[in-house]
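Here is the structure we will look at.
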Amino acid sequence: SGGFASVHRVRSRLNGHEYAVKIIDKESMKAQKMMEKIRNEVKIHKSLNNPRVVMLKECFEDGDNIYMVMELCEGGNLYKY
């Protein structure tokens, strides 16, 4: 987790696959004036298709959060390496 987002490991009830879900708090984003930046990130991420880039499977939002469902990459975070 970070300043305005957290990432959770989830399992689909439909197919049993595991994914990473990044949950972004809209209020924190508005306070930091970053909503447009996140929307651009989602747009760019959806257009990418490369085996070396984490795949964005789905993105949706509710009144409080933006949810980015992504391919699960195990083995720790990139900062560690």
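What you are looking at is a predicted structure, and each value in this text was computed from that prediction instead of being measured.
At a threshold of 4.5 Å between non-hydrogen side-chain atoms, the residues M55 and M70 do not count as touching. Residues H17 and R11 form no side-chain contact, since every pair of their non-hydrogen atoms from C-beta on lies 4.5 Å or further apart.
Every pair passing ring pair (Phe, Tyr, Trp, His ring centres under 6.0 Å) that includes a residue from residues 55-75 is listed here, sequence neighbours excluded: F60-Y67.
Judged by distance alone, the side chain of K57 and the main-chain N or O of M68 form no donor-acceptor pair under 3.5 Å. H45 places a side-chain N or O within donor-acceptor distance of the main-chain N or O of V54, the cut-off being under 3.5 Å.
Hydrophobic side-chain contacts under 4.5 Å tie L14 to no other Ile, Leu, Val, Met, Phe, Trp or Tyr residue.
The nearest pair of heavy atoms linking E71 to A20 is O-CB, 4.2 Å. Of all the heavy atoms in L56 and V69, the pair that sits closest is CD1-O, 3.5 Å. Of all heavy-atom pairs spanning I66 and C59, the tightest one is CG2-SG, 3.9 Å.
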Does H8 form a side-chain hydrogen bond (donor to acceptor under 3.5 Å, both in side chains) with S6? I'd like the steps, not just the answer. CA-CA 7 Å; H8 302 270; S6 59; 3.0 Å; yes
CA sep, side-chain torsions, deciding dist, call: E41, K46, salt bridge (charged side-chain N to carboxylate O under 4.0 Å, His left out): CA-CA 9 Å; E41 176 187 341; K46 281 185 176 181; over 6 Å; no
Test R9 against E18 for side chain to side chain contact (heavy atoms under 4.5 Å, CB included), laying out the working first. CA-CA 7 Å; R9 183 183 197 134; E18 290 188 313; 3.0 Å; yes
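Within a 6.0 Å sphere centred on CG of N40, other residues, nucleotides and ligands contribute more than 12 heavy atoms.
Separation of atoms CG (D64) and CG (D25) is listed at 7.5 Å; rounding is to 0.5 Å. Taking CD of E74 as the reference point, atom CG of L72 lies at 5.0 Å (rounded to 0.5 Å).
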